[in-house]
Amino acid sequence: MIEIQNVRKSFGDLEVLKGIDLTVQRGEVVTVIGGSGSGKSTLLTCINGLEPIDSGRITIDGTEVHAKSTNLNKLRRKVGIVFQQWNAFPHLTVLENVTLAPRKVLGMAKAEAEAIAEKQLRHVGLGDKLTTYPSRLSGGQQQRMAIARALAMSPDYMLFDEVTSALDPQLVGEVLETLKMLAEEGMTMICVTHEMGFARDVSNRVAFFHQGIMAEIGAPDQLFGDPQHPETQKFLANVR
Amino acid sequence: MIEIQNVRKSFGDLEVLKGIDLTVQRGEVVTVIGGSGSGKSTLLTCINGLEPIDSGRITIDGTEVHAKSTNLNKLRRKVGIVFQQWNAFPHLTVLENVTLAPRKVLGMAKAEAEAIAEKQLRHVGLGDKLTTYPSRLSGGQQQRMAIARALAMSPDYMLFDEVTSALDPQLVGEVLETLKMLAEEGMTMICVTHEMGFARDVSNRVAFFHQGIMAEIGAPDQLFGDPQHPETQKFLANVR
Amino acid sequence: MFNYTFQWKQALNRLPQMLDGALVTMEIAILSMALGIALAILLTVFRLSGSRPLMAFATTWVEIARNTPALFQIYMAHFGVASFGIHFSPFVSILIGITFNNAGYLTENFRGALKAIPDTQGRAGRSLGLTQLQSFRYIILPQMLRISFLPMTNQMVWAILMTSLGVTVGMNSDLYGVTQDLNALTFRTFELFALAAVIFYLITKTITIGGRLIAARLFRY
Amino acid sequence: MFDTALTANDLVFLAKGAGITILVTAISVVIGTLLGILFGVIRMQLGPVLAAPLTFFLDIFRSVPLLIQLVLGNAFVGMVLQLQISGFTVACIVLSLYTSAYCAEIVRGGIDAVPEITRRAARSLGLTWGQDMRYIVLPLATRVALPSWIGLALGVMKDSALVYVVQVTELLKSTQILITRLQEPLFLLLICGAFYFVISFPLARFGGYLEKRWSND
Amino acid sequence: DKLDDIISSGTLRCAVVLDFPPMGMRDANNVPIGFDVDYCNDLAAALGVEAEIVETPFPERIPALMSGRVDVGVASTSDTLERAKTVGFSIPYFAFEMAVTANSGTGITSYEGMKGHTVGAVAGTYEAIALEAQVKEWGEGEFRPYQTQADVFLALSQGQLDATVSTSTVAQANVQSGNYKDITVVGFAPFDTDYVALFAKRDEYGFLNYLDLFVNQQVRTGRYDELYEKWVGGEVPKLMVPNAYR
Ligand SMILES: Nc1ncnc2c1ncn2[C@@H]1O[C@H](COP(=O)(O)OP(=O)(O)OP(=O)(O)O)[C@@H](O)[C@H]1O
Ligand SMILES: Nc1ncnc2c1ncn2[C@@H]1O[C@H](COP(=O)(O)OP(=O)(O)OP(=O)(O)O)[C@@H](O)[C@H]1O
Ligand SMILES: NC(=O)CC[C@H](N)C(=O)O
Ligand SMILES: [Mg+2]
Ligand SMILES: [Mg+2]
């Protein structure tokens with residue numbers, strides 16, 4: 001369970017998160033939508049401790065992320081994250097990309113790590129690209145590789161930050177399919193996305209962010225069908 | 001009138017345009033859609049003579065673009081073009097961007113050029129950004145500036161090459177509005193685009209390119225509603 | 001026409017000696033590059049460390065290396081430090097001098113390379129549970145070295161050229177030193193220096209072209 | 001440590017040396033830059049094959065120690081060209097060519113850095129090749145190239161320490177002359193090093209600043 | 001020929017090495033002085049022209065001559081047979097005896113005592129060539145050439161060198177100056193006397209003849225002794241080689 005309690009976060013003078021509260025249960029898929037700069041990415045990077053927070057608390061399965069005593073490197077194994085862009089390590093083959101963390105972080109033997117990596121890569125449909133370098137992959141394939149890489153650490157939670165935004169329209173589908181598959185397998189996920197169709201189909205709940213505030217959260221039918229907050233209405237009208 | 005007759009064009013071994021025929025009448029808006037690499041951009045750059053062609057003919061108001069005797073610099077004044085990206089001259093202010101060509105190409109006086117530039121910039125909604133540098137503009141504003149810059153040469157034709165593809169989703173609208181406005185004012189336009197909604201609303205005809213061939217062309221209702229070519233059907237199914 | 005008869009034979013007779021000198025020159029350049037790269041990585045880590053003294057140390061090094069003549073640095077490595085009772089042989093002095101210079105310039109190159117590596121790379125690494133150091137070692141460093149590979153071959157060329165300054169600290173076994181000694185012996189200045197120039201040219205060309213070939217080999221991505 | 005036999009006279013002597021260093025540098029950088037731009041544009045226009053001889057010629061200046069270039073350049077001017085010109089002139093000629101060789105590379109890098117599409121945009125507006133170069137490529141390339149160019153100019157200043165071989169008494173040579181007489185090497189060298197540093201450091205920082213500012217655009 | 005050219009041009013340009021005291025150096029106003037400088041002035045006076053001192057570092061002496069930037073070398077240049085293949089030498093105008101100077105801490109007390117030590121001299125000089133050959137013959141120790149006489153003595157007093165061989169004149173001058181700590185002249189080096197000569201282009205016989213006669217006249221008129229007394233002092237070295245012509 002991920003619990004976010006009254007989290008605030010500023011960059012310099014700019015308050016980017018103005019007291020966010022959100023609890024994500026095991027097995028739940030929460031999608032986050034909202035305008036540019038509303039703090040969506042920042043929230044994700046706070047959740048896995050890449051960014052410190054100013055106040056509030058984030059706990060993952062009871063462990064407080066930003067406590068001094070927390071071993072972040074260890075905690076992060078539980079929480080996979082995939083970004084919008086530049087996820088692939090360009091100097092490593094697909095297989096090496098995926099085995100790096102299991103080997104260096106978990107200390108797995110090469111063979112064992114490769115077995116796991118192959119399994120995950122096959123899972124996302126890249127079973128035939130093991131020795132390819134990322135530059136030879138399409139954007140969609142790169143994103144799927146990044147997902148496999150995160151999965152290879154057997155995380156309990158996955159965070160996705162607009163993983164399809166940088167892709168050509170033709171490639172969006174394949175990545176969304178992969179996410180859907182994960183959701184169906186019961187992975188707990190927080191997905192920041194601009195793909196309203198996806199949000200509607202896959203999520204248990206959809207959260208709308210506006211200027212550092214979670215303006216509205218609800219089941220997809222409710223939020224898309226009958227948005228309460230005027231900003232949500234405005235946003236959805238614009239998107240289509 | 002732009003007449004394209006059996007135009008072929010290769011880059012090295014790769015034949016990118018395999019005999020294109022297309023006639024665009026004054027006042028007509030033709031949209032070009034098609035997969036990546038199908039030759040759409042190449043066609044546009046051939047039309048204004050930025051790229052030579054291997055065979056066939058392109059004439060603009062009767063002048064053959066690729067004839068030796070044609071003064072291309074002069075011809076290009078008739079044909080404005082806006083690309084997907086990097087249209088702005090980053091070292092010049094918005095006003096300077098727009099006045100450069102009228103002054104240097106048409107030899108206009110500074111004051112006159114500025115008057116025209118201001119008019120065009122107001123036209124695209126940038127009347128308050130005259131002394132700003134492009135780096136301070138959003139992507140959408142940069143594209144609108146590029147449109148104003150082309151318009152300042154009073155072209156008879158405008159070519160647009162995926163002018164919204166590099167933009168954040170929120171900024172697409174403002175640029176498409178500008179294009180729509182131009183179309184309504186009677187500008188002859190060829191627009192390469194991924195925005196199907198725009199293509200449907202604005203164009204007189206839509207052309208579908210596939211692997212260097214114009215696979216299909218027709219009125220938007222016909223092409224979108226009842227595509228004939230199997231590749232068109234596939235493409236449209238994928239896009240949404 | 002020249003009032004001077006070129007005696008190329010005389011110079012060519014000395015070619016074996018000069019080629020021996022060229023080997024020493026290469027040796028100095030290669031060692032100074034290997035050490036320079038290692039030090040530059042260390043200085044880069046210092047710069048990223050966030051610790052003020054370490055950052056100041058790295059910055060001072062880089063700025064002195066980049067803002068004074070190499071000749072000055074090499075002279076200092078020999079006569080300067082000797083004022084404090086530390087003695088280095090000419091070979092070690094020139095090696096230290098060039099290494100100091102290399103490390104300074106390479107650190108600056110690395111800084112540029114780091115800027116070209118997207119932030120998300122390090123973040124992606126850390127997100128997988130890699131420690132900061134692991135993330136640097138396995139993700140940032142290889143990319144940084146790749147991006148700065150061509151600048152590094154340039155620096156290698158400079159290292160070769162800088163060996164010619166070794167004569168100021170008593171080197172006479174490198175290519176330039178050998179040439180100068182032969183010149184003193186025979187007064188065949190033009191022939192000898194022209195021959196040395198050709199050898200230097202061939203060495204540096206080999207490095208540049210070799211560097212490109214290696215880059216193509218090494219970086220298949 | 002620093003009770004010294006250095007007189008005001010000697011300081012004037014050093015200052016003269018510094019003046020020569022700056023003068024040689026200034027002349028060489030100006031001429032070298034103009035030549036470098038010319039060579040760079042010629043190379044770009046001719047394409048790699050036709051420009052090969054020029055590329056080769058310029059390559060020599062980047063592949064042979066400056067010390068040797070100066071010795072041979074001096075000999076060439078005196079013996080082959082039979083010109084009775086001063087060592088100072090020879091130093092300026094060699095350093096100018098040396099500068100131009102590096103500058104041509106910088107120019108190429110600058111031009112390469114202007115996106116093809118931006119140039120296409122310019123041509124599409126009806127600008128001629130020359131106008132495109134003049135109004136678009138040059139200003140943009142300058143921004144990319146200026147920081148490296150500052151680095152080059154400072155490099156030339158530091159490398160000008162070697163022109164002593166053609167009988168030019170620049171700063172480092174002046175220092176050595178004083179060392180021979182006063183026998184205070186460390187002290188004198190520190191003065192000399194400090195001088196280079198004081199000129200070079202602020203300019204280098206300025207170059208870094210420009211780079212930062214322009215890359216943020 | 002060259003002689004006529006010099007006389008008609010009105011200036012004589014001499015290549016002089018100015019970091020080689022007391023033969024060539026600079027005074028407190030950094031004006032060139034020394035034995036070689038005076039010698040050049042005398043030569044110019046004999047020719048009835050102005051003297052111009054062109055400071056020439058070691059490797060540039062030959063290009064300076066060949067490119068016509070100087071007319072004559074008055075640069076304490078040893079007249080070796082190898083060099084004579086390139087330039088023309090006059091008869092010797094000066095002769096050096098070589099002395100061993102050692103760092104006091106090393107316990108070196110003689111030429112032989114240098115065996116196994118780190119020794120050095122000014123690169124490319126007569127003594128450097130001889131000393132390097134000697135170190136090779138000994139098979140132990142190390143030889144280091146430095147670019148200037150100043151660097152050699154600096155290295156010596158810093159302890160980077162244990163001993164050096166230099167012309168005795170330089171050695172005495174430097175030890176007496178008190179600029180260098182911990183150095184002492186410990187004896188003579190048993191090298192052949194280093195005869196040095198003026199040099200000009202090889203084929204300028206007229207000029208070379210003139211130089212020979214000029215050197216001869218300097219000795220005959222007592223000017224040589226006078227200059228020696230002025231710059232060096234002590235017993236004047238003989239310029240004649242026993243049992244040989246010339
Ligand atoms: N490292 C940082 N330093 C300073 N400001 C930052 C930093 N990261 C983000 N910001 C600022 O914080 C605000 C929120 O950024 P964030 O990336 O979280 O927004 P977002 O909702 O993900 O937007 P988008 O949809 O554009 O990705 C923005 O104004 C951004 O400029
Ligand atoms: N200058 C060039 N040199 C070589 N090949 C080129 C060049 N320009 C384009 N191509 C190739 O020609 C083909 C067609 O390119 P073009 O840019 O016209 O496609 P497009 O339809 O505009 O695609 P997209 O939707 O990706 O912009 C592509 O395979 C491309 O790689
Ligand atoms: N003048 C010098 O510096 C060298 C003198 C030395 N006797 C030689 O010619 O070898
Ligand atoms: Mg974001
Ligand atoms: Mg295109």
Side-chain angles (χ1 to χ4, degrees), chain C residues 1-11 13-14 17 21 71 74-94 96 164-174 176-194 196-197, chain E residues 2 57-68 73 77-89 103 105 118-129 132-133 142-148 150-162 164 181 199 201-204:
Chain C
M1 156 182 151
F2 299 150
N3 251 333
Y4 181 86
T5 318
F6 286 95
Q7 295 183 5
W8 292 106
K9 193 90 205 309
Q10 274 223 33
N13 283 339
R14 309 290 189 162
Q17 273 164 279
L71 185 58
I74 289 163
Y75 202 88
M76 275 299 192
H78 194 65
F79 292 109
V81 299
S83 299
F84 306 103
I86 308 164
H87 298 166
F88 297 121
S89 71
F91 184 87
V92 174
S93 302
I94 183 81
I96 291 176
S164 67
L165 307 177
V167 288
T168 51
V169 292
M171 273 299 280
N172 66 341
S173 54
D174 64 306
Y176 190 87
V178 166
T179 311
Q180 212 195 38
D181 269 9
L182 291 173
N183 173 44
L185 218 53
T186 65
F187 274 17
R188 285 281 143 196
T189 312
F190 315 115
E191 292 90 335
L192 289 165
F193 277 104
Chain E
K2 192 74 200 175
F58 205 70
E60 273 300 310
R61 285 191 286 190
I62 300 314
L65 180 72
M66 293 305 168
S67 63
T77 307
S78 306
D79 54 357
T80 67
L81 284 172
E82 188 72 44
R83 293 171 176 181
K85 291 177 190 170
T86 305
V87 296
F89 284 110
N103 186 300
T118 302
V119 297
V122 181
T125 58
Y126 184 84
E127 59 271 23
I129 293 163
E132 184 167 20
E142 188 194 335
F143 172 79
R144 280 186 204 170
Y146 285 102
Q147 289 298 289
T148 67
D151 284 350
V152 171
F153 278 91
L154 177 59
L156 186 65
S157 81
Q158 286 180 337
Q160 309 225 55
L161 290 178
D162 296 329
T164 180
K181 283 173 297 175
F199 64 88
K201 279 190 186 162
R202 223 174 48 182
D203 52 359
E204 291 294 345

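Residue numbering restarts at 1 for every chain, and letters A, B, ... go by the order of the sequence lines. All values reported here derive from a predicted model rather than from experimental measurement.
- A distance of 6.0 Å separates CG of C/Asp181 from CD of E/Glu132, quoted to the nearest 0.5 Å.
- C/His87 contributes a side-chain N or O that, together with a main-chain N or O of E/Gln158, makes up a donor-acceptor pair within less than 3.5 Å.
- Side chain of E/Arg83 to main chain of C/Ala184: a donor-acceptor pair is present (N/O by atom type, distance under 3.5 Å, no hydrogens or angles).
- The CZ atom of C/Phe187 sits 5.5 Å away from atom OG1 of E/Thr77, with the distance rounded to the nearest 0.5 Å.
- Interface remark: E/Val87 contributes side-chain atoms only to the contact with chain C (heavy atom separation under 4.5 Å).
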Step by step, would you call E/Gln160 with C/Phe88 a side chain to side chain contact (heavy atoms under 4.5 Å, CB included)?
CA-CA 8 Å; E/Gln160 309 225 55; C/Phe88 297 121; 5.6 Å; no
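- Interface residue C/Ser89: backbone and side-chain heavy atoms are both found under 4.5 Å from chain E.
- Note: C/Arg188 CZ to E/Lys85 NZ = 9.0 Å, rounded to the nearest 0.5 Å.
- One distance of note links CZ of E/Arg144 with OG of C/Ser93; it measures 7.0 Å at 0.5 Å rounding.
- One distance of note links CG of C/Leu185 with OH of E/Tyr126; it measures 12.0 Å at 0.5 Å rounding.
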Run the numbers on C/Thr186 and E/Thr86 for side chain to side chain contact (heavy atoms under 4.5 Å, CB included), then give the verdict.
CA-CA 7 Å; C/Thr186 65; E/Thr86 305; 5.6 Å; no
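- Of the inter-residue distances, the one linking C/Tyr75 atom OH with E/Asp151 atom CG reads 3.0 Å to the nearest 0.5 angstrom.
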